[in-house]
Amino acid sequence: MRIATWNVNSLRSRIDRVEALLDRHEIDVLALQETKAREDQLPLMGLEARGYDVAAVGVDQWNGVALISRVGLDDVEVGFPGMPGWGDPVAPEARAIGAICGGVRIWSLYVPNGRKPGDPHYVYKLDWLARLRDAARAWRDTPTALVGDWNICPTDDDVFDVTRFLTSTHVTPPERAAFQAFLDDGWLEVTRAHAPGFTYWDYYRQRFERDRGLKIDFVVATPALAERVTGAFIDREERAGQGASDHAPVVVDLEGRADAT
DNA sequence: ATGGTCGTCATACGA
């Protein structure tokens, strides 16, 4: 089974790229973030014609996440238990959606950005991650993957120039501790070993052309699921050229049939 | 310290 995660930065503006991505890599399950659309706005015909089911949540242009699967899409959950709310205009339910796809529970997650250390959004980010960790502890007995835009650079190597981030989010010790807490609970990040390099490049200043990016998109898996990972790659070509998202898709291959026990 | 570029909706704001 092949799964992928991509911060698409508007699903409506890039639906053609999503369909091409699914075709190009024969993806079974695609988790999207920053869909920036309500469910009723989504153009789904091309996806359905390809045999995919879609579960999405979004409120106006804010955030939004989705799961696209051709190996089943069952027990859909919008938001995780205990997910903290932020209130208007940011809708908390638009940051997490989970479902069982091919026997694996997959969560598409859009971790809050945080804006600036000390900002209320930063406090919210840390609280959101702490509550996700709590909820995730109940999921460790079933094959589960927490995939998406974590908005954290776990190591200095995950930043093109960490000295430029001294007053920025994504690299602060509390954020890194929040990520590490999942690993301490037994979760494993399964893409790094197979797919080095960045997953996000700012639109400013030709950051992609100069490979000045961040590694912030991850697949965090339960141990049994991590053992099934046979490979992963970052589709850097998707980030090139006009009309690209500012993130590249991350693709992961899992051993075994979609319905394998 | 500032500005640069996107997407969305409306010409401001979040990333």
Side-chain angles (χ1 to χ4, degrees), chain A residues 5-21 31-44 56-66 84-96 108-129 147-153 158-172 175 178-179 198-218 234-250:
Chain A
T5 180
W6 189 23
N7 181 323
V8 69
N9 188 20
S10 168
L11 178 51
R12 282 175 293 169
S13 72
R14 271 180 267 281
I15 184 62
D16 53 340
R17 284 175 172 268
V18 168
E19 292 171 0
L21 181 79
L32 295 173
Q33 301 85 38
E34 284 209 78
T35 49
K36 295 187 174 179
R38 300 185 307 270
E39 295 160 72
D40 61 278
Q41 294 176 306
L42 295 182
L44 305 177
V57 61
V59 178
D60 297 329
Q61 74 269 41
W62 309 111
N63 311 316
V65 286
W86 175 252
D88 286 341
V90 180
E93 68 272 21
R95 291 189 178 275
S108 179
L109 303 172
Y110 179 46
V111 175
N113 174 285
R115 298 194 185 180
K116 280 288 175 188
D119 188 286
H121 288 80
Y122 176 83
V123 176
Y124 172 67
K125 178 180 191 174
L126 295 177
D127 184 42
W128 197 94
L129 286 162
V147 317
D149 179 356
W150 285 74
N151 269 319
I152 297 171
C153 300
D158 300 327
V159 192
F160 68 91
D161 181 357
V162 76
T163 66
R164 289 173 178 258
F165 282 72
L166 297 178
T167 62
S168 303
T169 56
H170 293 59
V171 300
T172 67
E175 290 168 282
F179 188 86
F198 303 132
T199 63
Y200 160 86
W201 300 260
D202 203 302
Y203 284 126
Y204 301 165
R205 298 185 171 214
Q206 297 183 304
R207 287 271 172 83
F208 177 71
E209 290 74 6
R210 298 188 292 158
D211 195 25
R212 297 169 74 80
L214 307 177
K215 193 176 190 67
I216 55 177
D217 298 274
F218 297 107
I234 299 162
D235 184 2
R236 289 176 60 101
E237 289 183 12
E238 177 56 50
R239 178 61 181 81
Q242 292 292 315
S245 168
D246 44 3
H247 293 248
V250 180

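Letters A, B, ... mirror the listed sequences (proteins, then strands); counts begin at 1.
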Using the [atom1] atom on both, measure [N] against [M] and round to a whole Å.
N: B:dG14; M: B:dG4; atom1: C1'; value: 15 Å
N: B:dA10; M: B:dC6; atom1: P; value: 22 Å
N: B:dC9; M: B:dA15; atom1: P; value: 16 Å

Summarise protein proximity over nucleotides 9-15 of chain B in one line of letters, 5' to 3': B for base, S for sugar-phosphate only, - for none, counting protein heavy atoms closer than 4.0 Å.
-> S----SB

A:R14 near the nucleic acid: base, sugar-phosphate alone, or nothing, with a heavy-atom cut-off under 4.0 Å?
-> sugar-phosphate

Would you find a donor on one side and an acceptor on the other, under 3.5 Å apart, between the side chain of A:R14 and the backbone of A:V8?
-> yes

Out of curiosity, A:R95 CZ to A:W62 CH2, how far, rounded to the nearest 0.5 Å?
-> 11.0 Å

Is A:F198 close to A:R212 at the side-chain level, that is, under 4.5 Å between some pair of heavy atoms?
-> no

For the student: nearest non-hydrogen atoms of A:W6 and A:H247, plus distance |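 Scanning both residues, the minimum pair turns out to be NE1-O, 2.9 Å.
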
Considering the options A:N151, A:T5, A:N9, A:D149, which one meets the side chain to side chain donor-acceptor pair (under 3.5 Å) requirement together with A:Q33?
-> A:T5

Protein-nucleotide distance (A:L11, atom CG; B:dT8, atom C1'), rounded to Å =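 Roughly 14 Å, once rounded to whole Å.
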
Measure the distance from CG on A:L42 to P on B:dT8 and round it to the nearest whole Å.
->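 These atoms are roughly 12 Å apart.
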
Should the ring pair A:W201 and A:F208 be called parallel, tilted or perpendicular, given that the plane angle runs from 0 to 90° and is split at 30 and 60?
-> perpendicular

